[in-house]
There are 2 protein chains.
Amino acid sequence: MTTTSGGGPAERTKAAVLEDVAGLAGVSAMTVSRVLNAPEKVRPETRARVLAAVQELGYRPNFAARSLVTGRSGVLGVVSFDTTLYGPASTLYAIERAAREHDYLVNIASLATMTRRSIAEGVDRLRQQSVDGVIVIAPHESAVEGLRDLPPDLPVVDVGGGERLAIPAVAVDHHSGAFRATRHLLDLGHETVHHLSGPVNWIDGYHRIQGWRHALRDREAPPPLVGDWSANSGYEQGKRLSRDPSVTAVFVANDPMALGLIRAFREGGRRVPEDVSVVGYDDVPEAAHFWPPLTTVRQNFATLGRQAFQLLLDRMVGLDTTERRTVEPELVVRESTSRR
Amino acid sequence: MTTTSGGGPAERTKAAVLEDVAGLAGVSAMTVSRVLNAPEKVRPETRARVLAAVQELGYRPNFAARSLVTGRSGVLGVVSFDTTLYGPASTLYAIERAAREHDYLVNIASLATMTRRSIAEGVDRLRQQSVDGVIVIAPHESAVEGLRDLPPDLPVVDVGGGERLAIPAVAVDHHSGAFRATRHLLDLGHETVHHLSGPVNWIDGYHRIQGWRHALRDREAPPPLVGDWSANSGYEQGKRLSRDPSVTAVFVANDPMALGLIRAFREGGRRVPEDVSVVGYDDVPEAAHFWPPLTTVRQNFATLGRQAFQLLLDRMVGLDTTERRTVEPELVVRESTSRR
DNA sequence: ACGATTCGTGTTAGCGATAACAGTACGGGG
DNA sequence: CCCCGTACTGTTATCGCTAACACGAATCGT
């Protein structure tokens, strides 16, 4: 009998452990554990007594001990490129919410650069803290490489990556989004549509180019200009483009670049949308208040994040899917586009 | 002698543990542990042998086991309101970078609402996964309340919270930022400066109002309008303000609202900056490409995050500081303001 | 040259939980 | 009246690691 029966309210010093609760409730540690993990296996009265003891002592299970013995941590990791950007931030946010609903915690590893190595390092860092699974948000060519040589025992889900990977993934259908944006401009009577793209080694950028090309398939596509997603690059490329009087419609691969481009056009004396129509991509919260309010393609990051989590969950419970889900973007027409 | 000496390359099934490495290297488990945690205590040749074994087996220490025995997890938590917003996202990012440099991992708990309860819950959730410390980014009145009744044994650092708390904190000096913004407008010859503020129960919002008032102390301050930080609220309040021909200068409490407000002014026929000057707050990456490029107050979120981490680190190693650090914001003059 | 350190390593004993098995008490069927 | 399944609860053995102490050999001072 090592049960300290009464116990006394003396030990305010160290956090209570299972044994303490057991002592106070007059049961064994195992029973307390059961009350916490499988309450139906314990007689209601005993359960009540234990619960009261838990309350009184303010007992909290020790996470490390539990995960040592169960082999699961209840934590998942997210490896993401620059979580300061609207897309990754929104996706991360959605993942976190979904995770919380299922009692998972989220660990993050932000990447400053996107290389095969940095991705591998990020995953590794998380793995060392024994996350149960990892979601990678890194829509870059090199990310795809980094995901190739992953430990096979770790459940991983890819967000927005290439389709050539044999792991579960979710992605927005950028081909479709870009197609719709371009189609919209064509429908307004524009002869052709110019494109200011993101970096081509970004998966998203690449697909948007493809979608744009596809919409232009029966006419000549002007060579795309390439930006780096920043408003500033939009401005620089915009200055160049504004000198060409033949451009009347531009599809820009994201909203910040569109903002910069519109500014350049205005400074170059070209009015938007009277002289040239512009479509952006992302629908950042401010897009509706740009000048003019921006026609753009909305991505549903919340859905993206939720689906990613769902897929990971499936993977973690053992399902061996290689499912690939796709989220449709949506064209939001505002005032930066007009009939030719 | 339970040492499996040779061992054989048979066990590819389960992850290697200390004992396996020890066996292969012909030493005790303890020595392996030492090599990993205090290499200088082991003779170089032994160390090399152990390291080789670690390599060969691809050994990775078990996180749960280690933190069970050491009582530390190497993980810290960040509780933050809506990490989708520029400010929190940037701060979080900086914290993560600083943490990584010190081999800490970051767990996040995003809050959808900011109430005393949600904050407490966030902290609690993190605590259950035994984080070593927590940083709270929740510049809201209620957050301050939520932080009052925290477990005293958990190191916590507050970012941007009220100054009435007895816990370490870092914050941008918004009073000063708002003061400078307003002063700038006054210096340009404006009679007075109107203010579109954030919600008053946000600490930041409150301080910016104070700073604005302070700059206006020797003249009559018009009643401030109140927005909710969104571009949309800026637009709505802007419509109202643009009807009043006496307003020639507005200090807006953040950039998105400034964007909306400028749009409203333009639609109301008031030119910026010719008819009315506008100053924003935050210096979001796009601000330089607004139309007109926005004069605004830049907050250094990177420094903020780094300092927060530093403070938490101090706290975690036992220092019992209640230090409160302050980060100075900086006025960035662009083209949305002009001489009266 | 001898006890006192220092150095390098091994042994033992948990950390706090749960899995798996082992009782014990009770009620019902044969 | 005995046997056995059901329903609870307790015991024991780990999980993988490190703190603390123990021990032999090498090094040191005087």
Side-chain angles (χ1 to χ4, degrees), chain A residues 1-5 11 13-51 53-54 57-74 127-130 132, chain B residues 1-5 11 13-51 53-54 57-74 127-130 132:
Chain A
M1 278 276 174
T2 358
T3 36
T4 330
S5 219
E11 62 263 285
T13 92
K14 273 203 155 15
V17 299
L18 217 46
E19 200 67 46
D20 302 337
V21 179
L24 183 57
V27 297
S28 76
M30 194 60 233
T31 298
V32 179
S33 173
R34 283 202 191 92
V35 169
L36 268 26
N37 299 308
E40 76 284 0
K41 292 188 179 170
V42 176
R43 201 192 324 149
E45 339 162 23
T46 316
R47 199 190 307 160
R49 209 144 30 90
V50 170
L51 253 18
V54 165
L57 264 43
Y59 168 75
R60 330 174 55 90
N62 180 303
F63 165 74
R66 172 179 287 176
S67 74
L68 174 59
V69 67
T70 60
R72 306 180 341 97
S73 67
R127 206 155 79 97
Q128 276 181 42
Q129 312 287 343
S130 64
D132 291 339
Chain B
M1 279 275 176
T2 358
T3 35
T4 330
S5 222
E11 62 263 284
T13 92
K14 272 203 154 17
V17 300
L18 260 186
E19 201 67 45
D20 302 336
V21 180
L24 182 58
V27 297
S28 75
M30 194 61 233
T31 298
V32 180
S33 172
R34 284 202 190 91
V35 169
L36 268 26
N37 299 307
E40 76 283 0
K41 291 190 180 170
V42 176
R43 202 193 322 148
E45 342 161 21
T46 317
R47 200 190 305 160
R49 209 144 30 90
V50 169
L51 254 16
V54 166
L57 265 43
Y59 169 76
R60 329 174 54 90
N62 179 302
F63 166 72
R66 172 179 289 177
S67 75
L68 174 59
V69 66
T70 60
R72 305 180 342 97
S73 67
R127 204 155 80 99
Q128 277 183 43
Q129 312 286 350
S130 64
D132 290 340

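Lettering of chains follows the sequences in order, A, B, ..., and the numbering in each one begins at 1. Values reported hereafter were calculated over all heavy atoms of this structure, with side chains retained and with hydrogens, waters and symmetry mates removed. Small disclaimer: the values here were computed from a predicted structure and weren't measured.
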Participant: Identify the pairs formed between an N or O of the protein and an N or O of nucleotides 21-26 of chain C at a distance under 3.5 Å, and give each distance.
Facilitator:
none

Participant: Considering just the side-chain nitrogens and oxygens of B:S33, establish if one lies under 4.0 Å of OP1 or OP2 belonging to D:dT18.
Facilitator: yes
Participant: Would you indicate whether the side-chain heavy atoms of A:N62 and B:L68 approach each other to under 4.5 Å?
Facilitator: yes
Participant: Would you please name every residue forming a side-chain hydrogen bond (donor to acceptor under 3.5 Å, both in side chains) with A:S73, sequence neighbours left out?
Facilitator: A:D132
Participant: Enter the distance from A:E19:CD to A:Y59:OH here, rounded to the nearest 0.5 Å.
Facilitator: 10.5 Å
Participant: Restricting to non-hydrogen atoms, name the atom on B:A22 and the atom on B:A29 that form the minimum distance, rounded to 0.1 Å.
Facilitator: CB-N, 3.6 Å
Participant: Can you sort out the partners of A:S130 under side-chain hydrogen bond (donor to acceptor under 3.5 Å, both in side chains), two or more places apart, ordered by chain and number?
Facilitator: none
Participant: How close do A:D20 and A:A15 get, counting heavy atoms only, and between which atoms?
Facilitator: OD2-O, 4.2 Å
Participant: Looking at B:F63 and A:Q128, what are the two nearest heavy atoms and their distance?
Facilitator: CB-O, 3.2 Å
Participant: Could you check how far CD of A:E19 sits from P of C:dC15, rounded to whole Å?
Facilitator: 10 Å
Participant: Heavy-atom contacts under 4.0 Å between residues 35-48 of chain B and DNA chain D, which residues?
Facilitator: B:N37
Participant: Which value, rounded to the nearest 0.5 Å, describes the distance between B:T31 atom OG1 and B:R47 atom CZ?
Facilitator: 12.0 Å
Participant: So, OP1 or OP2 of C:dA19: does either fall under 4.0 Å of a side-chain N or O from A:T70?
Facilitator: no
Participant: Please table the atom pairs, donor to acceptor, closer than 3.5 Å between any side-chain atom in residues 35-44 of chain B and protein atoms at least two apart or in another chain.
Facilitator:
| from | atom 1 | to | atom 2 | distance (Å) |
| --- | --- | --- | --- | --- |
| B:N37 | ND2 | B:S33 | O | 3.1 |
| B:N37 | ND2 | B:S33 | OG | 3.4 |
| B:R43 | NH1 | B:E45 | OE2 | 3.4 |

Participant: Atom CG of A:L24 and atom CZ of A:R49: how far apart are they, to the nearest 0.5 Å?
Facilitator: 10.0 Å
Participant: Check the distance between C:dG16's P and B:Q128's CD and give it to me in whole angstrom.
Facilitator: 17 Å
Participant: Below 3.5 Å is the cut-off: list the nitrogen or oxygen pairs between protein and nucleotides 12-16 of chain D, distance only.
Facilitator:
| from | atom 1 | to | atom 2 | distance (Å) |
| --- | --- | --- | --- | --- |
| D:dG16 | N2 | B:A65 | O | 3.4 |

